[in-house]
Amino acid sequence: MERGSQGRPGGRTPWVVGISGASGTPYAAAVLRALLHAGEDVDLVVSRAARLTLLDETGAPFRDAHWREDLAAWLARGADGSSDFFPAVPDLSGVRYWPAGDLAAGPSSGSYRVKGMLIVPASTACVAGVALGLSKDLLQRAASVTLKERRRLVLAVRETPLNGQTLRHLTDLDDAGAVVLPASPAFYAGPAHIQDLVDFVAGRVLDAAGVPHKLYRRWAGELGGGREQAVGGREQAGSAPAE
């Protein structure tokens, strides 16, 4: 972990990206790639449960002592499990990693300047913890701080079906100013690969955060436009698969 200057004038003002234990780690990877390609700084928090999910979904570990190498390997992996799907891994110099158990980390304080927080994916346990203000780990604490400081908080909820208690938690978060964004891929953009579906959800997360991207084809009022899109036509730098 690197501890540099924390929000000094003229310094970095990152997006906090929290990854909970819900299934959907490819969504998180797509968001991280796009943020870095857009020149955004990132403060990364990976929950303990997320490490297990990442290992299960990718076969790769995420370790505190080797987080930079593990992150680079993860971001090179496609949603289909291919280890070299993205040959051009973005520059990681803008990433700062904080262990989930570090409640003295920068994002645990409202005086630490950030643009907002994106939780991708957000499990129902994470949703409950944030809605109730439990702050049991850095991910939940950073989200609570984001809400109290009236900064943008986006939760990409990944669970189905949803019970009444979770729906009430989501309503509470919406009332508190958070953006509740279910991980629901769309098909009008003409997906030709599972990565296209993942990128659509990641793009909607970035839309909610106000971060420019070219992860998916936007609706232009033309029926069938998505089918005319070339199979390899992703415009996002570094997001085309290897030949």
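For S83, the side-chain contact (heavy atoms from CB on, under 4.5 Å) partners at least two apart in sequence or on another chain are R77. Residues satisfying the salt bridge (charged side-chain N to carboxylate O under 4.0 Å, His left out) criterion with E159, sequence neighbours excluded, are absent altogether. In this structure, the salt bridge (charged side-chain N to carboxylate O under 4.0 Å, His left out) partners of D207, at least two apart in sequence or on a different chain, are R204, R218. With sequence neighbours excluded, the residues that form a side-chain contact (heavy atoms from CB on, under 4.5 Å) with P26 are E57, A79, V198.
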Can I get a per-line list of side-chain donor-acceptor pairs under 3.5 Å for residues 166-187, giving both atom names and the distance, sequence neighbours left out?
unit_1 : atom_1 : unit_2 : atom_2 : d
T166   : OG1    : N163   : OD1    : 3.1
H169   : ND1    : Q165   : O      : 3.4
H169   : NE2    : Q165   : NE2    : 3.3
T171   : OG1    : L167   : O      : 3.0

For a quick test of your reading: what N or O donor-acceptor pairs under 3.5 Å do the side chains of residues 123-140 make, sequence neighbours left out?
unit_1 : atom_1 : unit_2 : atom_2 : d
S123   : OG     : C126   : N      : 3.0
D137   : OD1    : L139   : N      : 3.3
D137   : OD1    : Q140   : N      : 3.0
Q140   : OE1    : S135   : N      : 3.4
Q140   : OE1    : K136   : N      : 3.2

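Ring geometry for H193 versus F85: interplanar angle of 30 to 60°, hence tilted.
Remark: the backbone N or O of G116 is not paired with any side-chain donor or acceptor of R152 at under 3.5 angstrom. Between the side chain of R63 and the backbone N or O of D70 there is no donor-acceptor pair closer than 3.5 Å. Put simply, the side chain of H213 never gets that close to the backbone of A34: no donor and acceptor are under 3.5 Å apart. For S20 (side chain) and P121 (main-chain N/O), a donor-acceptor pair under 3.5 Å exists by modelled atom type.
Counting heavy atoms from C-beta on, the side chains of R158 and S23 come closer than 4.5 Å. Contact of the P107 side chain with the D43 side chain is registered, since non-hydrogen atoms from C-beta on lie closer than 4.5 Å. Looking at L32 and V42, their side chains come closer than 4.5 Å, going by heavy atoms from C-beta outward. Contact annotation: the side chain of V45 never approaches that of Y97 to less than 4.5 Å [non-hydrogen atoms, C-beta and beyond]. In this structure, the side chains of R12 and R96 come closer than 4.5 Å at one or more pairs of heavy atoms. Side-chain contact check for V114 versus W15: every heavy-atom pair is 4.5 Å or farther apart. Considering only heavy atoms from C-beta on, L153 comes within 4.5 Å of I119 through its side chain. Taking the side chain as every heavy atom from C-beta outward, L36 and D91 never approach each other to under 4.5 Å.
Using a cutoff of 4.0 Å between basic side-chain nitrogens and carboxylate oxygens, K115 and E40 are scored as salt-bridged. At a threshold of 4.0 Å, the pair D196-R217 does not count as salt-bridged, since none of the basic side-chain nitrogens sits closer than that to a carboxylate oxygen.
Checking L35, L155, T146 one by one against L118, the side chain to side chain contact (heavy atoms under 4.5 Å, CB included) holds for a single residue, L35.
For an aromatic pair to be called close, the ring centres must be under 6.0 Å apart, and Y27 with F200 fails this.
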